[in-house]
Amino acid sequence: MNIILLGPPGAGKGTQAKQISDKYNIPHISTGDIFRKNISEKTELGVKAQGYIDKGLLVPDELTIDIVKDRLSNVDCKNGFLLDGFPRTVKQAEALDLFLEDKEHKIDYALLIKVPESSILERMTGRRVCSKCGASYHIKFNPSKVAGKCDICGSDIIQRKDDSEETVQERLDVYSRQTEPLIDYYTSAKILCAVDGTQDIDVVFENVCDILGR
Ligand code: AP5
Ligand code: MG
Ligand code: ZN
């Protein structure tokens with residue numbers, strides 16, 4: 001099963017992705033996580049990406065598309081994959097379609113997690129993430145069992161630099177300008193499915209499983 005997750009920053013893409021990846025046994029590929037790993041390791045890609053990410057802007061398509069093609073060529077994607085945070089522009093979506101077509105594959109579901117802008121700021125400023133495995137927590141809605149430590153791998157959990165109020169606003173603007181057009185793109189392709197992301201995390205996941213099958 002090949003799935004992409006769509007939705008504004010803070011919609012809960014990463015949160016749902018972890019559970020989907022476990023249940024359906026497909027790798028979770030988050031371009032945001034890939035960039036953050038490269039930033040922390042100070043690779044050439046990380047250095048290039050950091051300036052954009054810290055400002056809340058998108059990393060240029062040329063850089064992003066090649067990374068995803070590389071990652072999808074890995075053997076673990078043979079039986080499916082879950083893309084979180086890619087594609088984010090029509091150009092990325094077209095490049096992905098071409099790449100998959102070449103391999104006689106396609107996207108089965110474009111899952112849109114819908115959350116209104118008014119709920120997002122509280123989610124983002126209260127978010128904490130694992131510095132190692134990328135798991136997402138929230139100080140109020142989804143705290144870790146031991147304060148400051150990841151439930152999954154025990155590493156420290158930290159606040160993302162781009163989760164400040166000002167940067168979140170910029171990310172929301174970028175989303176509506178550059179990423180929202182993908183809703184029409186995947187509606188036309190007849191693979192868009194939407195879930196209400198304002199419900200409890202477990203209820204959102206139930207809705208997702210209703211769509212994907214159990
Ligand atoms: P990325 O890391 O993808 O960030 P994003 O899309 O802005 O999304 P987030 O990770 O912020 O939110 P999420 O939807 O995963 O929510 P989460 O589950 O954490 O990208 C970061 C940057 O990298 C971009 O700005 C860009 O610069 C660059 N980039 C990445 N991909 C790119 C691409 N393809 N092209 C170009 N540039 C790219 O949840 C948020 C919070 O809410 C958490 O605290 C969580 O615990 C809580 N929460 C989740 N669900 C619920 C719920 N149902 N109820 C209550 N709280 C909830
Ligand atoms: Mg995320
Ligand atoms: Zn962890």
Side-chain angles (χ1 to χ4, degrees), residues 1-7 9 11-46 48-49 53 58-89 91-113 129-137 150-155 157 160 179 182 185-186 189 191-193 195 201 204-214:
M1 194 153 45
N2 301 334
I3 306 169
I4 61 175
L5 279 178
L6 288 174
K13 299 182 296 293
T15 302
Q16 295 300 322
K18 295 268 176 229
Q19 300 195 49
I20 298 169
S21 159
D22 280 353
K23 177 169 168 133
Y24 296 94
N25 211 0
I26 47 177
H28 168 206
I29 304 168
S30 156
T31 38
D33 287 349
I34 295 173
F35 288 135
R36 281 184 289 277
K37 184 161 186 281
N38 277 274
I39 290 171
S40 75
E41 289 168 358
K42 299 195 167 58
T43 65
E44 199 184 324
L45 171 68
K48 282 185 190 155
I53 293 181
L58 294 185
V59 177
D61 287 336
E62 305 79 77
L63 284 176
T64 311
I65 290 168
D66 284 344
I67 291 163
V68 173
K69 282 187 191 169
D70 255 22
R71 181 62 189 84
L72 291 178
S73 305
N74 214 305
V75 285
D76 66 342
C77 296
K78 206 173 67 218
N79 297 319
F81 55 80
L82 173 62
L83 279 170
D84 158 12
F86 183 96
R88 255 178 153 95
T89 62
K91 203 170 158 204
Q92 290 179 12
E94 288 169 350
L96 177 64
D97 280 348
L98 274 179
F99 174 80
L100 293 173
E101 246 170 66
D102 257 7
K103 301 189 163 353
E104 296 181 4
H105 286 304
K106 61 175 177 43
I107 301 292
D108 300 301
Y109 299 95
L111 272 180
L112 170 66
I113 306 181
V129 293
C130 175
S131 54
K132 193 164 172 214
C133 76
S136 241
Y137 299 92
C150 176
D151 292 351
I152 299 165
C153 73
S155 303
I157 55 179
R160 262 168 56 175
T179 308
L182 293 181
Y185 184 93
Y186 290 113
I191 53 169
L192 190 88
C193 304
V195 294
I201 293 171
V204 177
F205 185 59
E206 283 298 307
N207 290 178
V208 168
C209 297
D210 287 341
I211 292 168
L212 301 180
R214 283 161 197 278

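Hydrogens, waters and symmetry mates are skipped; everything else that's a heavy atom, side chains included, is used. Numbers for residues simply follow the sequence, beginning at 1.
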Examine distances only and state if a side-chain atom of K13 and a backbone atom of G7 form a donor-acceptor pair shorter than 3.5 Å. yes

Between D151 and Y137, does a side-chain contact (heavy atoms from CB on, under 4.5 Å) hold up when you go through it step by step? CA-CA 10 Å; D151 292 351; Y137 299 92; 3.6 Å; yes

Give the C-alpha distance, both sets of side-chain angles, the deciding distance and a yes or no for side-chain contact (heavy atoms from CB on, under 4.5 Å) between E41 and K37. CA-CA 6 Å; E41 289 168 358; K37 184 161 186 281; 3.4 Å; yes

May I have the step-by-step check of side-chain contact (heavy atoms from CB on, under 4.5 Å) for R214 and E206, ending in yes or no? CA-CA 10 Å; R214 283 161 197 278; E206 283 298 307; 3.3 Å; yes

Would you say the side chain of Q16 lies within less than 4.5 Å of the side chain of V195, judging by non-hydrogen atoms? no

Measuring from L111:CG to I211:CD1, what's the distance to the nearest 0.5 Å? 5.5 Å

Can you measure from CD1 (I26) to CG (N79) and round to the nearest 0.5 angstrom? 10.0 Å

Is there a donor-acceptor pair closer than 3.5 Å between any side-chain N or O of N2 and the backbone N or O of D108? no

Would a 4.5 Å heavy-atom cut-off, applied to side chains only, mark F35 and T64 as touching? yes

Got a sec, which residues hit salt bridge (charged side-chain N to carboxylate O under 4.0 Å, His left out) with R36, two or more places apart in sequence or on another chain? D33

How many angstroms lie between atom OG1 of T89 and atom CG of L182, to the nearest 0.5 angstrom? 7.0 Å

Electrostatic pair D76:K78 at N-O distance under 4.0 angstrom: no

For residues K132 and C150, determine if any side-chain heavy atom of one lies less than 4.5 Å from a side-chain heavy atom of the other. no

From L6 atom CG to T179 atom OG1, the distance as rounded to the nearest 0.5 Å: 8.5 Å

Quick check: closest heavy atoms across G14 and D84, and the distance to 0.1 Å? CA-OD2, 3.5 Å

Of all heavy-atom pairs between L72 and C77, which one has the smallest distance, and what is that distance? O-CB, 3.6 Å

For N25, I'd like to know if atom CG has over 12 heavy atoms of other residues, nucleotides or ligands within 6.0 Å. no

What is the minimum heavy-atom distance between G80 and P27, and which atoms define it? O-CD, 3.3 Å

Among Y109, Y186, Y185, which one satisfies side chain to side chain contact (heavy atoms under 4.5 Å, CB included) with L192? Y186

Measure across P87 and I4 and return the closest heavy-atom pair with its distance rounded to 0.1 Å. CD-CD1, 3.9 Å

Closest heavy-atom pair, A11 versus I113, reported as atoms and distance to 0.1 Å, is O-CG2, 3.4 Å

Under 4.5 Å between any side-chain heavy atoms of V59 and T31, yes or no? no

K91 to I65 - nearest heavy-atom pair and separation: O-CD1, 4.2 Å

Hey, does F81 have a side-chain heavy atom less than 4.5 Å from the side chain of R71? no

Can you measure from CG (L63) to NZ (K48) and round to the nearest 0.5 angstrom? 5.5 Å

Is there side-chain contact between I29 and I34, with at least one heavy-atom pair below 4.5 Å? yes

Nearest 0.5 angstrom please: Q92 CD to L83 CG, how far? 10.0 Å

